[in-house]
Colleague: 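For reference, the structure I am asking about is given below.
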2 protein chains.
Amino acid sequence: MNAQPTDASLDTRLRLIEAAILTFAEKGFDGAGIREIALRAKANSALVTYHFSGKEGLYLEALRYIFARKACRVAELATAPALEGPGARKDAIQRLKDHIRAFMQDLMACDPLDPQDPLGEAAMALMAREMQAPRATSSALLMEQIRPHVDHLMQCLQVLRPDLSWGELLNMGMSIQGQMLYFRNSLGISRLIRGDPNFPEDLEEVIRHFTDFSLRGLGIPEAFPQPRN
Amino acid sequence: MNAQPTDASLDTRLRLIEAAILTFAEKGFDGAGIREIALRAKANSALVTYHFSGKEGLYLEALRYIFARKACRVAELATAPALEGPGARKDAIQRLKDHIRAFMQDLMACDPLDPQDPLGEAAMALMAREMQAPRATSSALLMEQIRPHVDHLMQCLQVLRPDLSWGELLNMGMSIQGQMLYFRNSLGISRLIRGDPNFPEDLEEVIRHFTDFSLRGLGIPEAFPQPRN
DNA sequence: CCAAGAATTAATCAATCGTTTGAGCCAGTC
DNA sequence: GACTGGCTCAAACGATTGATTAATTCTTGG
């Protein structure tokens, strides 16, 4: 009479999803095999079809799992009220700084409580793969996830540069997000170029750089010169 | 007695390589099948093994083919003599501008003579895939290709901001290259966000934006304000 | 305790993978 | 005209793919 999922099955589902994140991130959708994923999850490969109705379903569930856990810092910021009133400009600058810090921290760690979480690396690699070559079945999922972050950033930019057109503001946003996403997506190449396998040793330094570079690039005179933050 | 490749065989090799670029770019290394590639090239799939000793060999040849044809504009710039003398600073600004324009044009078109070349899109998508998730056999090839561009850019930055440490200069370079590479790698997402499937309608406008944003971000006072270019 | 249903398993499915085979084609050479 | 060697081909190879089956184990409400 029990039509509800069991605790045990939830465990198995979770193990499969986490193994899927790791394996899909390493080898891509086509490169990863369900047998390999199941082996990693210490489960039977037939359970992929049973629980997720196939490989594609497991992939989508893995993405949903990442979205549910990730981007928590940025997601919080995106819920902030609209910028208005006399202090809007100063608020916008602070929000932009917060956005960059939150986004960078989200980029570098999956679980805020555990920066060493191996899922963090994998989840970002998987999202990067997805942004670059979205699967037909998952592009809607991706857009839905990205949209609020874009809106939040654009709202700040609009206040900071009311003289620019919407297209120019989008360019600004593209440059700001682009440097950060490239930083994350090309960590491998960056480490090779720098000859430092541990780069970045200090994330705060990189955050500071992106903040300064972006504010200068935006052309916000009152933000410089001034002491850090 | 003929141990040399025939004209006919060169044709086939070329058709296979170009079909490989298109297919690998669309589906990735694992997603693309040699039968599909061969069909596209109107050739027999056994020829992949015959000419390139396997799928992996064809993939490497495709990368080499891209590197040989692509990045021609940037590559020219990278051969410029060292910056020195009284005009070094002004030269460096111009070189940076030229670098951004050349890099953007290389990003958006494979063959300079034919901006509509479908290989251009595919080649860049393939390189982006490769930068993000380098295959063990091809990372050396990738670094060797990227290195001169990095050196050229860093030389300019060093002249423009002699007060910065090497690490800080690398951060600057990362931001400048990052915004451009993200622009290219995430064109799909950008078009969805903008609701404009034809973005960018005017590449020059984007080049201008990246140039301005980068020069401001670098903190080059004498570059602003001033008329375009 | 005991059916009922959810969860898991090993075995197997057809399909496709990259690669190999062996024969045939076509140019040049003696 | 026989021969050579580069090139191309259809056919088949073993391996692996994602998915399916049917039997078994586990869990739980009555």
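Residue numbers begin at 1 in each chain, while the letters A, B, ... track the order of the sequences. Just so it is clear, the structure is predicted and the values come from calculations on it, not from any experiment.
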Colleague: In whole angstroms, how far is the P atom of C:dA7 from the CZ atom of A:Phe52?
Modeller: 11 Å

Colleague: Whole-Å distance between D:dG18 P and B:Asp30 CG?
Modeller: 11 Å

Colleague: Nearest-Å distance, CG (B:Leu16) to P (C:dT19)?
Modeller: 13 Å

Colleague: Could you state the CG-P distance from B:Leu14 to D:dT8, rounded to the nearest angstrom?
Modeller: 12 Å

Colleague: Quick one: on DNA chain D, does A:Gly31 or A:Thr49 contact a more 5' nucleotide (nearest heavy atom)?
Modeller: A:Gly31

Colleague: Output a table of donor-acceptor pairs, distance under 3.5 Å, between side-chain atoms of residues 57-64 of chain A and any protein atom two or more places apart or on a different chain; print 'none' if there are none.
Modeller:
| unit_1 | atom_1 | unit_2 | atom_2 | d |
| --- | --- | --- | --- | --- |
| A:Tyr59 | OH | A:Glu130 | OE1 | 2.4 |
| A:Glu61 | OE2 | A:Arg64 | NH1 | 2.7 |

Colleague: Please determine whether a side-chain nitrogen or oxygen atom of A:Thr12 lies at a distance below 4.0 Å from atom OP1 or OP2 of C:dA7.
Modeller: no

Colleague: Would you list the protein and nucleotides 23-25 of chain D atom pairs, both N or O, that sit under 3.5 Å from each other?
Modeller:
none

Colleague: Is it true that B:Ser45 and B:Glu36 share a donor-acceptor pair across their side chains at a distance under 3.5 Å?
Modeller: no

Colleague: Dump the pairs, protein N or O against N or O of nucleotides 11-13 of chain D, anything under 3.5 Å, distances to one decimal.
Modeller:
| unit_1 | atom_1 | unit_2 | atom_2 | d |
| --- | --- | --- | --- | --- |
| D:dA12 | N6 | B:Arg35 | NH2 | 3.2 |

Colleague: Just how far, in rounded Å, is C1' of D:dT16 from NZ of A:Lys55?
Modeller: 12 Å

Colleague: So, does A:Arg129 use its side chain to make a donor-acceptor pair with the main chain of A:Ala25 at under 3.5 Å?
Modeller: yes

Colleague: Base, sugar-phosphate, or nothing for A:Ala32, non-hydrogen atoms under 4.0 angstrom?
Modeller: sugar-phosphate

Colleague: Send over the distance from B:Tyr50 OH to D:dG5 P, rounded to a whole Å.
Modeller: 12 Å

Colleague: Taking atom types as modelled, is there a side-chain donor on A:His209 or B:Ser175 under 3.5 Å from an acceptor on the other?
Modeller: yes

Colleague: Under the salt bridge (charged side-chain N to carboxylate O under 4.0 Å, His left out) criterion, do A:Glu204 and A:Arg101 qualify, and how do the steps go?
Modeller: CA-CA 8 Å; A:Glu204 282 302 317; A:Arg101 160 165 282 108; 2.4 Å; yes

Colleague: Could you tell me whether the phosphate oxygens of D:dG6, OP1 or OP2, come under 4.0 Å of any side-chain nitrogen or oxygen in B:His51?
Modeller: no

Colleague: Got a donor-acceptor contact below 3.5 angstrom from the A:Ser138 side chain to the A:Arg135 backbone?
Modeller: yes

Colleague: I need the CD1-C1' distance between A:Ile34 and D:dA19, as an integer number of Å.
Modeller: 7 Å

Colleague: Could you give the NZ-to-C1' distance, from B:Lys27 to C:dC17, as a whole number of Å?
Modeller: 14 Å

Colleague: For A:Ser53 and A:Thr49, indicate whether the former's side chain and the latter's backbone hold a donor-acceptor pair under 3.5 Å.
Modeller: no

Colleague: Would A:Glu26 and A:Thr23 count as having a side-chain donor-acceptor pair, cut-off 3.5 Å?
Modeller: no

Colleague: Taking the inter-plane angle between the rings of B:His99 and B:Phe103 on a 0 to 90° scale, is it parallel (under 30°), tilted (30 to 60°) or perpendicular (over 60°)?
Modeller: parallel

